[in-house]
Amino acid sequence: MKARYLILGITALLLFLTFRFLLPLVLPFVLAYFFAKTVSPVIHFLTSKLRWKKKVSSVMVVVVTVFAITGFVIYVISIVIGQTILLLQKIPVYQQMINTTIEEMCCQCDRILELSGGTSYQYIEAQTETLYHNIENDILPRLSSCAITILQWVAKAGSGLFIFFLSTLLILLDESFPAVHQRIRPLVIKLKYAGFAYIKAQGIIIFIIAVITSVGLMLIGNEYAVLFGIGIAIFDAFPIVGSGIVLVPWAIMKIFGGDFYEAAILITIFLIATFLREVLEPRLFGKEIGMKPLFVLISIYVGVELFHIGGIILGPVALTVLKAVNELLKEKSGEQEGSPP
């Protein structure tokens with residue numbers, strides 16, 4: 001038992017060191033390997049059924065797939081950037097609307113608490129001015145300094161994409177690519193049906209919910225449909241939290257405002273997103289993962305604390321790795337206990 005916990009502790013330390021120092025260096029090659037494994041059945045079909053040459057098939061499939069995915073991502077990013085700029089431009093309008101609403105609520109609070117007129121609003125106004133002062137002096141300069149970092153990240157992403165493209169072709173064309181060693185094959189199989197299944201399943205579910213949410217928000221004429229749709233889909237990936245943390249309060253506000261059509265659309269989006277996640281998660285994850293929502297939430301929190309935004313994926317992946325190692329150690333200990341002396 002102590003040996004198993006020691007191995008799990010060493011595994012956790014190795015995962016931390018790998019994600020923090022090694023993964024950024026080898027990420028394009030890791031992605032290229034799994035991408036090559038994904039498109040290899042298509043290439044096998046072209047070479048075996050249609051008698052195409054393997055080099056031609058590999059280049060064509062990789063080029064078409066990479067260009068299609070890259071084009072779609074760039075298109076979505078351009079829409080998100082455009083809607084973000086529009087949102088920033090209209091912040092003064094929304095600020096005025098929020099101030100009016102807050103003023104009305106403060107007047108009601110003054111009447112209920114029997115305070116002199118404007119007491120609550122003066123307090124809120126003072127806090128708001130402090131917040132704006134902090135934003136102007138702290139947050140905005142940081143955002144300006146981030147512009148150079150973003151440009152550097154774009155250039156790095158472009159070079160990484162080129163390396164990913166070449167690595168994928170080399171892996172597909174290499175007939176003597178090393179196979180998985182027999183000793184670690186059981187662990188790799190478990191990770192294939194656990195950690196990699198988690199990434200694939202979450203990606204599919206987030207994409208579907210983002211599309212449905214964006215389309216639903218377009219129906220109510222929301223100017224930031226794609227931006228909000230992607231954000232709500234990411235919230236939906238968090239255990240317990242879900243898309244309801246945004247859609248339900250939004251729908252309630254619409255009901256109080258008399259916009260019953262928009263409220264009905266928002267509730268419908270929430271119900272569809274919840275239904276799809278409940279239906280798709282068991283089918284895509286399978287029985288191999290079997291992680292409790294609390295543990296997933298803890299892994300996401302720890303992952304974000306350690307690896308920032310990438311921890312949303314790396315945290316649960318690390319949890320699935322530890323779960324797979326723990327199950328493998330249990331199986332081996334069970335075999336040793338049951339083996340004859």
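- If you chain together hydrophobic residues whose side chains sit under 4.5 Å apart, Leu50 and Val61 fall into the same group.
- Taking hydrophobic clusters as Ile, Leu, Val, Met, Phe, Trp and Tyr residues chained together by side-chain heavy-atom distances below 4.5 Å, Ile298 shares a cluster with Leu13.
- Inter-residue side-chain proximity for Leu227 and Thr84 is flagged as met; some heavy-atom pair is nearer than 4.5 Å.
- At least one side-chain heavy atom of Phe19 sits under 4.5 Å from a side-chain heavy atom of Val317.
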Derivation of the side chain to side chain contact (heavy atoms under 4.5 Å, CB included) call for Thr38 and Thr65: CA-CA 11 Å; Thr38 303; Thr65 307; over 6 Å; no

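- Atom CD1 of Ile171 sits about 9.0 Å away from atom CZ of Phe29, to the nearest 0.5 Å.
- Side chain of Asn222 to main chain of Leu217: no donor-acceptor pair is present (N/O by atom type, distance under 3.5 Å, no hydrogens or angles).
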After noting the C-alpha distance and the side-chain angles of Ile313 and Ile300, does the key distance pass the side chain to side chain contact (heavy atoms under 4.5 Å, CB included) rule? CA-CA 7 Å; Ile313 297 295; Ile300 292 175; over 6 Å; no

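- When all heavy atoms of Ala12 and Leu322 are compared, the pair lying nearest together is N-CD2, 3.9 Å.
- Remark: side-chain polar atoms of Thr213 are not paired, donor with acceptor, to backbone N or O of Ala210 under 3.5 angstrom.
- The nearest pair of heavy atoms linking Thr18 to Pro24 is O-CD, 4.4 Å.
- Although no hydrogens or angles enter the test, the distance criterion places a donor-acceptor pair under 3.5 Å between the side chain of Ser40 and the main chain of Lys37.
- Both Phe235 and Val76 sit in one connected hydrophobic cluster of ILVMFWY residues. Membership requires side-chain heavy atoms under 4.5 Å apart, directly or through other members.
- The line from OH of Tyr224 to CD1 of Ile230 is 15.5 Å long, rounded to the nearest 0.5 Å.
- By the 30° and 60° cut-offs, the orientation of the rings of Phe164 relative to Phe35 is tilted.
- Side-chain contact check for Thr168 versus Leu31: every heavy-atom pair is 4.5 Å or farther apart.
- Here the CH2-CZ distance, from Trp52 to Phe45, works out to 9.5 Å after rounding to the nearest 0.5 Å.
- Linking Ile, Leu, Val, Met, Phe, Trp and Tyr whenever their side-chain heavy atoms come within less than 4.5 Å leaves Phe270 and Phe260 in two separate clusters.
- No side-chain donor-acceptor contact under 3.5 Å links Arg277 to the backbone of Ile209.
- Scanning both residues, Ser214 and Gly229, for their nearest heavy atoms gives OG-CA, 3.6 Å.
- Taking all atoms of both residues into account, the shortest heavy-atom contact from Pro28 to Ile163 is CB-CG2, 4.1 Å.
- No single ILVMFWY cluster, assembled from side-chain heavy atoms under 4.5 Å apart, contains both Ile206 and Leu271.
- Atom CG of Asp259 is separated from atom NZ of Lys254 by 5.0 Å, given to the nearest 0.5 angstrom.
- Taking the six-membered ring for Trp and thresholds of 30 and 60 degrees, Phe21 and Phe16 have ring planes more than 60 degrees apart, a perpendicular arrangement.
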Applying side chain to side chain contact (heavy atoms under 4.5 Å, CB included), run through Val304 and His308 and close with a yes or a no. CA-CA 4 Å; Val304 171; His308 306 294; 5.9 Å; no

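- Using a 4.5 Å heavy-atom cutoff, the side chains of Tyr33 and Val30 are not in contact.
- Note: Leu15 CG to Leu306 CG = 11.5 Å, rounded to the nearest 0.5 Å.
- No donor-acceptor distance shorter than 3.5 angstrom exists from the side chain of Glu223 to the backbone of Leu86, with no hydrogens or angles considered.
- You'll find the side chain of Leu276 reaches within 4.5 Å of the side chain of Ile212, heavy atoms only.
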Evaluate the criterion side chain to side chain contact (heavy atoms under 4.5 Å, CB included) for residue pair Val66 and Leu161; output intermediate values, then yes/no. CA-CA 9 Å; Val66 170; Leu161 181 63; 4.2 Å; yes

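- In this structure a side-chain-to-backbone donor-acceptor pair under 3.5 Å is missing from Lys323 to Ala318.
- Atom CE of Met218 sits about 13.5 Å away from atom CD1 of Ile265, to the nearest 0.5 Å.
- No donor-acceptor pair under 3.5 Å is formed between the side chain of Ser58 and the backbone N or O of Lys55.
- Ser243 approaches Ile232 most closely through the heavy-atom pair CB-CG2, 3.6 Å.
- Residues Pro316 and Gly311 share a closest heavy-atom pair of CD-O, 3.8 Å.
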